[in-house]
Structure formats: structure tokens, C-alpha cells
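Structure first, commentary second.
These numbers come from the heavy atoms of this one structure, side chains and all, not from hydrogens, waters or symmetry mates.
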Amino acid sequence: MEDKQKLLTGLEKAVREHNSEELNRCLGAAFETAIVEDELRLALFRGLERQRRRMMTDDVPVPHFLLSLDTVHEGFKRISLHLGREPGHGTPLVIGVVEGDPHDLGKNIIAKVYEASSYRVYDLGREVSVDAFIRNVQEKEAKVLALSAMMSTTMAMMPEIIRRVKEETPGTVIMVGGAPLDTALAKSFGADGYAESAVTLLEQTEAAIERVSAGEPW
Amino acid sequence: MVIVEPVLNTDNLTKLRNNVLSKLGYDDNFAENSDVKCLVDKSIQTLTGDIEAKGVYRFVPAAGVKKNEIAFENGSINSHMFARLVDRCGGKKFIVFMIATAGEEWKKNLTPGDSIYLQMVFDTLGSELAEVVADMVEERWREEADQRGLMASWRFSPGYCDWDLKEQNVIFKMLDADKIGVKLSPHYVMTPSKSVSAIAVMADNVPVLAPCSFCAKDCIWRRLPQNQPTP
């Protein structure tokens, strides 16, 4: 039987090298041992986090990070399947692209990063109406709402969505992102946080959750 | 109005490949990433027989230039920067309106369940294909400008610089985009999504090629060096 630490390091490396075969081999071996689920998830996330940090310093191009992201997903699915339950068990989060905007690649990447870091993601897709956002935040009891818009014309929908979500489901942490946005615009819209890209997403979301929980202004 | 159905040749496909790899972040420093290059090459090969590239363009005489507006027979363009560029031009002045589309075939091998990595590679391929097609449509109207003895500026698209995205309406009013299967949504989004709309100015003398000449901002869309002297 393989050494526990060796398996966890192997998982981390499989993510970094987006090696699906090695991922499945390590997970298969890990399921035969006493390694607990959280340790496996943590090893996968460590591999992704290293890639994310290398992307921050331009040591790896974005597609390499995405390959690692896909590998983490595959790993999470395999773990959930082994345990006989649905993937995703953390903080509930609703994400979607605002009405009128068909650009969803950025949102898809962000949703996967959230999922990979154990948020329970409810992806509403693209061209989502204000009512659909509010209904889903309420039904899923979402702690976080992540809004995406890739155009200046569709970005204009955000202040109204934010206003209504804050009115109808106070305490929801609202993150915004997308090409036409910046921190100043996000603040002026009344959002709780802004993430420029997948690189800063997790830190910015955690900071926004802390601010909202503490009742501190952004 | 002229309809163009450009056929991509080997040079265009090489340009497309290089642009896609560059946009994905693979320059010479990442030469070892043959898996990505293979995927891009394979995707381009499967595309070549089926690309539904189309474009349309039209020349319209410019009727007058004000501080923030260029007027023509059926409307006007509202951009201070582009008005400055047109104002610098000499002799007869025309605005060329153009729309080009890569169609939908570029994503025929992509399915909703595909990995994020594949989604990104294909999306980049679609975007760069639209730019290559737009370049080919631009080549056609430049040829026509040459024949008329006119010079032309670089192309300029709504949503960039100080030209509001809502002025997509102006371009769609001047061209029958239905003829090439392109539509504009109430939110000013084009369908197919990988489409390019633009204008340019043509005149006897065009001393400034892009509004960047008048601007000191170091934005990511900048096309001329910051220290370029303004004529």
C-alpha cells in the first residue's frame, strides 16, 4: 500500500501536471487507505492553488491553469462518486450572467474556480433576469451572489439587481466581475466585492464575506 | 452595399493559428506545449472546409464634422476622437461602414459538457477567426479605396475609445446585415457572437490612422506608441 503522504503529493502533482491518469491512480489507491475526504480535496486544491499562483506571476498561461481546474473537477467528481453523494458541499453561491449578455466563458471559469474551492455553486447560466437571480438566491439560501457582465450596455443592469437583492435578501454577499468593470464601478453599483479575474477571485470573495459579516463598509 | 464571402487561404490560416496561440499566452517561451498547439491545429483543420465567413461594407460621403460628431446623409456618428481624426483628413471624405462574421461553424465540435479548457481554446479561435475575416473584408474595401485614389484610416469599432457601444445601431442602420445573417439585440449584442462591426474614414489625405494619436492613455487597446507626434 502506498504511503499516505506520497499519495497526497501525487494528487497535488497530478493537478499541476493535469495528468488525469495519475489522478485516477492516486485516488484509486487513496480509497483503499484511511485517507479522509478533506485531505484528498485539500491535496487537489493545493495543486490548483500552486498553478493559480504561477499564473499570477505569468509562469503558466491561462489554459494550463484551466487544464488543472478541469483535473480538480474530475477529482472532486470521483471522490463524490466514491462517497455516493452529489459534488459541492460548502457555502451556497448563485452565479450567472446578467440579462441580455450572451458571454458566459468568463462566468464558467469563475464558477469552476468557486466549485474547486468547495463553494456549492448554482450556475444559472447566461441572460439571467433580475427575478431569476432573486428567486434562486432565496430558494438556494445563497450566501454569495456572483454577477457577470461582459459589456458596458449589459453591465448597466447590475445596480438594479444589486439594489433588489439587498432589499429582498439582506446579508447576501454580492460579487461582480466582467470586462467593463473595475473596483470603483463595483463600489458605485453597491456591490460588496469585485474580482478582476480568477487569480484574485477567492481572496476578494473571502474579504467581501468578512466585511459583510462584520458590517464593515467596503 | 458590397457583400463579401472571403475564402481563407494558407496565409490567413497561419495568421489565425499564430493569433490564437498568442492570445492563449503561448509565445516562444511556451514552445513545449505541443498539446495545445496540436489542438489548435486540429481545430483549424476541421474548420477549413466549413467556415461561413461573410462580410458587408458600404461607402457613404461624410457631410460635415463637428466637435463630437461626423454627419452623413442618414445619420451621424458621435465620437469626439473619431471626429478629430476625420477633421484632420483632406479633400473628399467618406465613411466606410462594415460588418464581418465568422458564423457559427467554428464551434461545431464544442458541446455544452466540454471542459473549460476546450471552451476557452474554441472561444479564442472564434474571436480570432472573426478578426481575420474582418481583416479580409477590410482588404476588399481598401482595394476599392485604392482604385478611387483614396487613403483610409484603420478601422474603429463601437465600444472602444470614446465611441459608445449603443452606436452599433448606426452601423446596422447603414447596412443590411440580414444579408450576411448578423443580427443586433436590444442590448447591442451581435449574433453570431463572433462578429465585428466597424467604420473607417477614407479621404484624399488621411494623416492620422487611429484616434490613439490624440490620446495619452496607456490602455490595453492602444494601437500606436504614446510618443507618436500628432499631425
Report, in residue-number order, which members of residues 125-142 of chain A are under 4.5 Å from chain B by heavy-atom distance.
none

Does any backbone or side-chain atom of B/Ser115 lie under 4.5 Å from a heavy atom of chain A? Answer side chain, backbone, both or neither.
both

Any chance NZ of B/Lys15 has more than 12 other-residue heavy atoms, nucleotides or ligands included, within less than 6.0 Å?
yes

Which atoms of A/Asp70 come close to chain B, meaning under 4.5 Å heavy atom to heavy atom: side chain ones, backbone ones, both, or neither?
side chain

Mind checking side-chain contact (heavy atoms from CB on, under 4.5 Å) for A/Ala43 and listing every partner two or more places apart, or none if nothing turns up?
A/Leu8, A/Leu11, A/Arg46

Between B/Leu209 and B/Ser153, what is the shortest heavy-atom contact and its length?
O-CB, 3.5 Å

Taking only residues two or more places apart in sequence, or in another chain, which ones meet B/Ala134 in a side-chain contact (heavy atoms from CB on, under 4.5 Å)?
B/Met98, B/Ala100, B/Arg155, B/Val196

Could you verify whether a donor N or O on one side chain and an acceptor N or O on the other, from A/Asn24 and A/Glu74, lie under 3.5 Å apart?
yes

Got a sec, which residues hit side-chain contact (heavy atoms from CB on, under 4.5 Å) with A/Glu22, two or more places apart in sequence or on another chain?
A/Ala14, A/Asn19, A/Arg25, A/Cys26

Which atoms form the tightest heavy-atom contact between B/Met81 and B/Cys215, and what is the distance?
CE-CB, 3.6 Å

Among the options B/Leu118, B/Asp164, B/Val189, B/Thr124, pick out the one with the most heavy-atom pairs lying under 4.5 Å from chain A.
B/Val189

